[in-house]
Novice: 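I'd like to ask some things about the structure below.
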Amino acid sequence: MGLDVSYEKATNRVCAAAVVIELESLAVTDMATVVGEVTFPYVPGLLAFREAPILLEALQGLTNEPEVLVCDGYGIAHPRRFGLACHLGVLTGLPSFGVAKTSFVADFVDPGPRRGAGSPLREGGETLGRAVRTQDGVKPVFVSVGHRIGLDQACDITLKLCPRYRIPEATRQADIASRRMLRTASWPGG
DNA sequence: GCGACAG
DNA sequence: ATCTTGTCGC
């Protein structure tokens with residue numbers, strides 16, 4: 001399942017979406033959104049304090065508990081080795097990992113140019129995750145484990161969720177859902 | 001001190 | 001994150 005948050009700067013409102021995707025068919029089987037207000041500023045390294053609370057609220061709205069959380073951001077590839085995906089995993093007890101669009105804590109050599117290629121995300125002597133090419137010729141995404149899951153499996157799931165786009169279908173659908181909800185929520189009478 | 005900096 | 005049209009490419 002994928003989680004994402006969208007913001008509306010003008011109104012200080014925020015919308016979190018939780019979308020459950022069936023891994024085999026990539027069909028959306030459940031979804032929940034929550035609209036709220038910004039309560040914490042964006043500070044690199046402290047994203048969880050800004051997004052985790054409302055994301056947990058969105059998770060409460062689901063009919064069934066998902067099997068694994070795909071988060072928009074880092075797991076352990078984080079300055080303190082505890083990014084958003086770690087917070088959400090521990091707080092829910094569910095397996096989780098993060099898929100970020102950029103990297104700022106680790107070094108990596110560019111993976112091969114084709115879909116499926118990957119290279120370790122490292123800092124010092126430790127491997128914190130993997131840069132994964134999810135589509136031919138597009139920039140890689142940065143996968144790191146959050147809770148109760150291994151890096152190989154996290155990357156496996158990531159690739160299965162990317163048959164066509166760079167961003168995993170789970171977080172991509174959550175992004176679409178949260179944006180749409182923010183729009184319709186500001187529409188007169190909704 | 002300087003630059004970089006998930007979303 | 002968000003502000004934003006057309007445009008290049010498969």
Side-chain angles (χ1 to χ4, degrees), chain A residues 2-19 33-59 69-91 96-108 113-115 120-124 126-147 151 154-155 158 161-168 170-186:
Chain A
L3 302 164
D4 192 37
V5 178
S6 291
Y7 300 86
E8 190 171 52
K9 193 174 181 179
T11 61
N12 214 42
R13 283 189 313 170
V14 55
C15 179
V19 176
T33 56
V34 172
V35 175
E37 299 246 316
V38 174
T39 60
F40 198 90
Y42 169 65
V43 181
L46 301 183
L47 183 64
F49 294 92
R50 180 171 168 85
E51 300 196 341
I54 195 166
L55 283 173
L56 289 171
E57 280 188 55
L59 279 168
L69 273 32
V70 184
C71 310
D72 199 329
Y74 299 152
I76 64 171
H78 176 274
R80 262 75 64 190
R81 309 290 179 266
F82 210 78
L84 176 64
C86 299
H87 283 256
L88 293 174
V90 169
L91 291 171
S96 70
F97 64 94
V99 180
K101 296 178 284 296
T102 61
S103 170
F104 80 91
V105 290
D107 304 310
F108 67 98
R114 66 171 207 80
R115 172 184 149 80
L121 266 179
R122 19 193 18 183
E123 184 184 282
E126 51 184 342
T127 294
L128 302 179
R130 189 176 300 163
V132 178
R133 189 90 60 189
T134 55
Q135 290 295 312
D136 291 352
V138 303
K139 296 192 307 178
V141 295
F142 306 90
V143 179
S144 58
V145 305
H147 190 58
L151 182 56
C155 292
T158 297
L161 288 171
C162 297
R164 158 125 209 237
Y165 299 100
R166 174 184 178 234
I167 302 302
T171 48
R172 203 179 75 85
Q173 290 301 332
D175 177 84
I176 293 171
S178 61
R179 282 192 205 287
R180 187 172 58 67
M181 178 53 69
L182 217 44
R183 273 199 317 100
T184 62
S186 57

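Lettering of chains follows the sequences in order, A, B, ..., and the numbering in each one begins at 1. Side chains included, hydrogens not; waters and symmetry mates left out as well; all remaining heavy atoms used. Since the model is a prediction, treat every value here as computed from it, not as a measurement.
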Novice: Round to the nearest Å and state the distance from A/I76 atom CD1 to B/dA6 atom P.
Specialist: 18 Å
Novice: Going by an N to O cut-off under 4.0 Å, is there a salt bridge joining A/R179 and A/D4?
Specialist: no
Novice: Decide, applying a 5.5 Å centre-distance limit and a 30° plane-angle limit (both strict), whether A/F104 stacks on B/dA4.
Specialist: no
Novice: Rounded to whole Å, how long is the line connecting atom CZ of A/R166 with atom C1' of C/dG9?
Specialist: 18 Å
Novice: Do you see a donor-acceptor pair shorter than 3.5 Å between the side chains of A/R50 and A/Y7?
Specialist: yes
Novice: Between P on B/dA6 and CZ on A/F49, what's the gap in Å once rounded to a whole number?
Specialist: 17 Å
Novice: May I ask you to decide if the ring planes of A/Y74 and A/F104 are parallel, tilted or perpendicular, using 30° and 60° as cut-offs?
Specialist: tilted
Novice: Using whole Å, what does the distance between atom P of nucleotide B/dC5 and atom NZ of A/K101 come to?
Specialist: 15 Å
Novice: Return no unless some side-chain N or O of A/T102 is found under 4.0 Å from OP1 or OP2 of B/dG7.
Specialist: yes
Novice: What does A/L3 touch in the nucleic acid at a heavy-atom separation under 4.0 angstrom: a base, only the sugar-phosphate, or nothing?
Specialist: nothing
Novice: Looking at side-chain heavy atoms only, is the closest gap between A/T134 and A/P168 below 4.5 Å?
Specialist: no
Novice: May I ask you to decide whether A/R81 forms a salt bridge with A/E123, counting only side-chain N to carboxylate O separations under 4.0 Å?
Specialist: yes
Novice: Give a yes/no answer on whether the side chain of A/S6 brings an N or O atom under 4.0 Å of OP1 or OP2 in C/dT2.
Specialist: yes
Novice: Using whole Å, report how far CZ of A/F97 lies from P of B/dA6.
Specialist: 20 Å
Novice: Going by centres under 5.5 angstrom and planes under 30 degrees, do the aromatic ring of A/Y7 and the base ring of C/dA1 stack?
Specialist: no
Novice: Take the protein atom CZ of A/R183 and the nucleotide atom P of C/dC3, then report the distance between them rounded to whole Å.
Specialist: 12 Å
Novice: OP1 or OP2 of C/dC3 sitting under 4.0 Å from any side-chain N/O of A/K9?
Specialist: no
Novice: Figure out the CG/C1' separation between A/L47 and C/dA1, and round it to whole Å.
Specialist: 10 Å
Novice: Between C/dT2 and A/R179, is there an OP1 or OP2 to side-chain N/O distance shorter than 4.0 Å?
Specialist: yes
Novice: With a 4.0 Å cut-off on heavy atoms, is A/G45 in touch with a base, just the backbone sugar-phosphate, or nothing at all?
Specialist: base
Novice: When the distance from OH of A/Y42 to C1' of B/dC5 is rounded to whole Å, what number comes out?
Specialist: 6 Å
